[in-house]
**Student:** 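After the structure tokens below, expect a handful of questions from me.
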Amino acid sequence: MSGFRAPKGTFDLLPPRSAVVTTVREGLAAPVRRAGYAYIETPTFEDTGLFARGVGESTDIVSKEMYTFTTRGGQSVTLRPEGTAGVLRAVLEHGLHRGALPVKVWYSGSFYRYERPQAGRFRHFSQVGAEALGVEDPVVDAELVVLAADAYRDLGLSEVRLLLNSLGCQDCRPAYRARLQAFLHGLDLDEETRRRVDINPLRVLDDKRPEVQAQLGDAPLVSDALCAACQAHHATVQELLADASVAWDDAPRLVRGLDYYTRTTFEFVHDGLGAQSAVGGGGRYDGLSEQIDGPPLPGVGWALGVDRTVLALAAEGVAVPDPHRVEVFAIPLGAQAERQLFGIVTALRRIGVAADIAYGGRSVKGAMKAADRSGARYALVLGERDLAAGAVQLKNLDSGQQWPLPIEEAVALVEAELTTPSFSGTEESAR
RNA sequence: GUGGGCGUAGCUCAGCUGGUAGAGCAUCGGGUUGUGGUCCCGAGGGUCGCGGGUUCGAGUCCCGUCGCUCACCCCA
């Protein structure tokens with residue numbers, strides 16, 4: 001190895017695992033693409049202020065996990081720690097919210113948080129996200145939750161659980177917050193947590209330390225403090241999820257780490273990842289637009305962790321097929337044959353047949369091994385004798401049977417064979 | 001930021017109370033004048049993370065350092 005290594009908390013995505021990741025990305029995005037969400041791409045870094053105000057000053061993300069640096073021009077920018085703030089900024093900047101509502105978009109990309117890495121947690125990670133802006137209708141909340149649940153199910157995961165909660169709105173949250181603060185002030189908490197009580201008391205509920213949880217038994221719950229409108233909203237979301245046969249657990253303590261959530265919040269968890277259990281999560285963020293100087297613009301969204309979904313699949317032992325293997329592998333014996341087969345392989349590729357070829361005059365045995373490893377169903381073998389006979393050998397790698405094909409018709413015959421196999425493998429090999 | 005575990009071949013690891021660096025898998029080649037998946041044979045591949053110390057002698061013991069990893073906090 002060279003002296004350089006991948007930076008702490010990052011990892012290289014290498015074959016064959018990279019094929020799994022590609023498939024997972026596509027799988028996580030497939031349901032939203034079928035539901036009218038359009039692709040959006042925003043910069044990997046943004047003005048630091050966007051995250052400070054959008055994600056929230058009181059969050060751990062902003063207070064200690066941001067990759068922030070100053071540009072040559074003196075501007076402070078930050079590698080995005082999450083996707084919603086950038087998407088909302090782009091929508092507002094370009095006035096998409098002045099057009100047809102809701103604005104429904106999805107994205108896929110890399111995100112960055114300066115944390116100590118551990119199982120399932122990296123400084124550079126990958127997620128697929130979706131946002132629906134401009135509609136307060138609880139149907140959108142339910143739609144997104146259902147689409148995420150479908151994504152996990154379609155990938156073959158059966159042990160993902162959905163946690164659901166409502167955090168209330170600007171009308172009912174302040175009173176609840178005050179009650180909660182009063183309760184929390186009476187507890188025996190460490191200094192950092194006491195500070196959190198003052199800044200963002202709801203997040204104390206989400207503390208997973210047993211000594212903290214033990215004291216929270218009598219804590220007032222948001223679910224008991226919701227106003228009529230929030231209660232109705234939450235009830236509708238629940239009815240729609242039930243109608244869609246999506247199961248959930250009520251999680252009255254679920255708060256999540258970002259400040260902007262209102263009303264519906266949810267998290268998808270999996271127990272096979274080590275200490276990190278969330279594979280995806282999201283919620284409604286009706287006040288976020290105003291926080292970044294935009295007009296009132298309700299929104300809901302989620303982000304699903306690609307790396308963690310891969311871990312979940314591994315934990316459940318779900319095999320992910322690699323759709324990108326080749327179908328035909330060419331084995332040339334000699335320079336003349338190599339030239340001929342290169343032409344045939346190129347022609348096959350141009351008509352959409354995935355094909356590969358052995359290079360550099362390696363031994364037939366070695367080339368056959370390469371063909372075997374490639375996953376191809378067929379090998380094309382061409383040597384001196386075949387050239388003299390004007391034929392190329394088509395070998396079925398499953399049955400081991402082999403037939404000569406006229407070189408000029410090889411491309412068309414191979415294509416036909418792939419769609420409707422006619423060489424059954426019961427004929428005699430024609431070597 | 002705090003704590004535990006681990007650094008030996010591309011990968012997974014063995015290496016005893018200090019005494020000439022090993023295995024399996026993988027790779028490449030041969031066994032078969034032009035045929036893979038099984039089998040047999042062979043080959044290449046290592047500053048034992050790095051630096052210092054103890055010793056006649058350190059992969060092994062001691063100190064430091066870097067890296068990886070798991071966990072806490074928090075989150076995807």
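Note that these values count all heavy atoms, side chains included, but never hydrogens, waters or copies made by symmetry. Chain letters run A, B, ... following the sequence lines, proteins first and then strands; every chain starts at 1.
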**Student:** What integer distance in Å separates A/Phe125:CZ from B/A76:P?
**Tutor:** 8 Å
**Student:** Is the number of heavy atoms from other residues, nucleotides or ligands under 6.0 Å of A/Gln181 CD greater than 12?
**Tutor:** yes
**Student:** Provide the distance between the two P atoms, one in B/G7 and one in B/C62, to the nearest whole Å.
**Tutor:** 14 Å
**Student:** Taking only the P atom of each, what is the distance from B/C74 to B/U12 in whole angstrom?
**Tutor:** 33 Å
**Student:** Measure from CG on A/Leu333 to C1' on B/G36 and round the result to the nearest Å.
**Tutor:** 14 Å
**Student:** For atom C1', what is the distance between B/G31 and B/A23, given to the nearest Å?
**Tutor:** 24 Å
**Student:** According to the Watson-Crick and G-U wobble definitions, with both distances under 3.5 Å, which nucleotide is paired to B/C68?
**Tutor:** B/G5
**Student:** Need the pair for B/G57. Rule: Watson-Crick or G-U wobble, both distances under 3.5 Å, any strand; none if unpaired.
**Tutor:** none
**Student:** Name the closest nucleotide to the A/Arg308 side chain, picking from B/G34, B/U35, B/A76.
**Tutor:** B/A76
**Student:** Provide the distance between the two C1' atoms, one in B/C66 and one in B/G57, to the nearest whole Å.
**Tutor:** 27 Å
**Student:** Hey, is A/Glu136 close enough to A/Arg263 for a salt bridge, meaning N to O under 4.0 Å?
**Tutor:** yes
**Student:** From CE of A/Met368 over to P of B/U38, roughly how many Å is that when rounded to an integer?
**Tutor:** 13 Å
**Student:** Starting from C1' on B/G37, measure out to NZ on A/Lys395 and report it in whole angstrom.
**Tutor:** 10 Å
**Student:** Heavy atoms only, 4.0 Å cut-off, all strands: where does A/Val381 land among base, sugar-phosphate and nothing?
**Tutor:** base
**Student:** State, to 0.1 Å, how close A/Thr84 and A/Tyr107 come at their nearest heavy-atom pair, and which atoms those are.
**Tutor:** N-OH, 4.0 Å
**Student:** Looking at B/C25, which nucleotide sits across from it as a Watson-Crick or G-U wobble partner, both distances under 3.5 angstrom, or is there none?
**Tutor:** B/G10
**Student:** Counting only heavy atoms not in A/Asp398, do more than 12 fall under 6.0 Å of its CG?
**Tutor:** yes
**Student:** Could you check if a side-chain atom of A/Leu184 sits within less than 4.5 angstrom of a side-chain atom of A/Leu216, using non-hydrogen atoms only?
**Tutor:** yes
**Student:** What is the distance from OH of A/Tyr378 to C1' of B/U35, rounded to the nearest Å?
**Tutor:** 17 Å
**Student:** Just one of A/Phe111, A/Phe45, A/Tyr114 clears the side-chain contact (heavy atoms from CB on, under 4.5 Å) bar with A/Tyr67, so which one?
**Tutor:** A/Tyr114
**Student:** Using a strict cut-off of less than 4.0 Å between a Lys/Arg side-chain nitrogen and an Asp/Glu carboxylate oxygen, indicate whether A/Asp150 and A/Arg34 qualify as a salt bridge.
**Tutor:** no
**Student:** Should we say atom CZ of A/Phe183 is surrounded by more than 12 heavy atoms from elsewhere, each under 6.0 Å from it?
**Tutor:** yes
**Student:** Could you measure between the two C1' atoms, the one in B/C61 and the one in B/G22, and give it in whole Å?
**Tutor:** 22 Å
**Student:** Can you tell me if OH on A/Tyr39 sees more than 12 non-hydrogen neighbours from other groups inside 6.0 Å?
**Tutor:** yes
**Student:** Using atom P of each nucleotide, how far apart are B/C25 and B/C16 to the nearest Å?
**Tutor:** 24 Å
**Student:** Which whole-number value in Å describes the distance from A/Leu382 CG to B/G34 C1'?
**Tutor:** 11 Å
**Student:** Below 3.5 Å is the cut-off: list the nitrogen or oxygen pairs between protein and nucleotides 5-11 of chain B, distance only.
**Tutor:**
none

**Student:** My understanding is that only one of A/Ile331, A/Asp386, A/Leu394 makes a side-chain contact (heavy atoms from CB on, under 4.5 Å) with A/Leu380; could you say which?
**Tutor:** A/Leu394
**Student:** Does any non-hydrogen side-chain atom of A/Ser166 lie less than 4.5 Å from one of A/Leu226?
**Tutor:** yes
**Student:** Rounded to whole Å, how long is the line connecting atom CD1 of A/Ile331 with atom C1' of B/G37?
**Tutor:** 13 Å
**Student:** What nucleic acid atoms does A/Gly383 come within less than 4.0 Å of, heavy atoms only: base, sugar-phosphate, or nothing?
**Tutor:** base
**Student:** Please report the distance separating the C1' of B/U20 from the corresponding atom of B/G46, rounded so that it comes out in whole Å.
**Tutor:** 15 Å
**Student:** Counting only heavy atoms from other residues, nucleotides and ligands, does the tally under 6.0 Å from CZ of A/Arg339 exceed 12?
**Tutor:** no
**Student:** P atom, B/U8 versus B/A14: distance in rounded Å?
**Tutor:** 10 Å
**Student:** Pick out the pairs of N or O atoms, protein on one side and nucleotides 27-29 of chain B on the other, that lie under 3.5 Å.
**Tutor:**
unit_1 : atom_1 : unit_2   : atom_2 : d
B/U27  : OP1    : A/Arg373 : NH1    : 2.5
B/C28  : OP1    : A/Arg362 : NH2    : 2.9
B/C28  : OP1    : A/Arg373 : NH2    : 3.4

**Student:** When you compare the side chain of A/Met368 with that of A/Leu397, does any pair of heavy atoms fall below 4.5 Å?
**Tutor:** yes
**Student:** Any N/O pairs under 3.5 Å between the protein and nucleotides 65-73 of chain B? List them or say none.
**Tutor:**
unit_1 : atom_1 : unit_2   : atom_2 : d
B/G67  : O2'    : A/Arg5   : NH2    : 3.3
B/C68  : OP2    : A/Lys8   : NZ     : 3.3
B/C70  : OP2    : A/Ala119 : N      : 3.2
B/A71  : OP1    : A/Ala275 : N      : 2.9
B/A71  : OP2    : A/Gln118 : NE2    : 3.4
B/A71  : OP2    : A/Ala119 : N      : 3.3
B/C72  : OP2    : A/Gln118 : NE2    : 3.4
B/C73  : OP1    : A/Arg209 : N      : 3.3
B/C73  : N3     : A/Arg121 : NH1    : 3.3
B/C73  : N4     : A/Gln118 : OE1    : 3.2
B/C73  : N4     : A/Arg121 : NH1    : 2.2
B/C73  : N4     : A/Arg121 : NH2    : 3.4

**Student:** Which residue lies toward the 5' end of RNA chain B, A/Gln127 or A/Leu397, if each is placed at its nearest nucleotide?
**Tutor:** A/Leu397
**Student:** Grab the CD-P distance between A/Gln393 and B/G36 for me, whole Å please.
**Tutor:** 15 Å
**Student:** Is the aromatic ring of A/Phe111 within stacking range of B/A76, meaning centres under 5.5 angstrom and planes under 30 degrees?
**Tutor:** no
**Student:** Restricting to non-hydrogen atoms, name the atom on A/Val345 and the atom on A/Ala330 that form the minimum distance, rounded to 0.1 Å.
**Tutor:** CG2-CB, 3.5 Å
**Student:** Under 4.0 Å between any heavy atoms, over every strand shown, what does A/Ala371 touch: base, sugar-phosphate, or nothing? Just pick one.
**Tutor:** nothing
**Student:** Have a look at A/Glu384 and say if it touches a base, only the backbone sugar-phosphate, or nothing, with a 4.0 Å heavy-atom cut-off.
**Tutor:** base
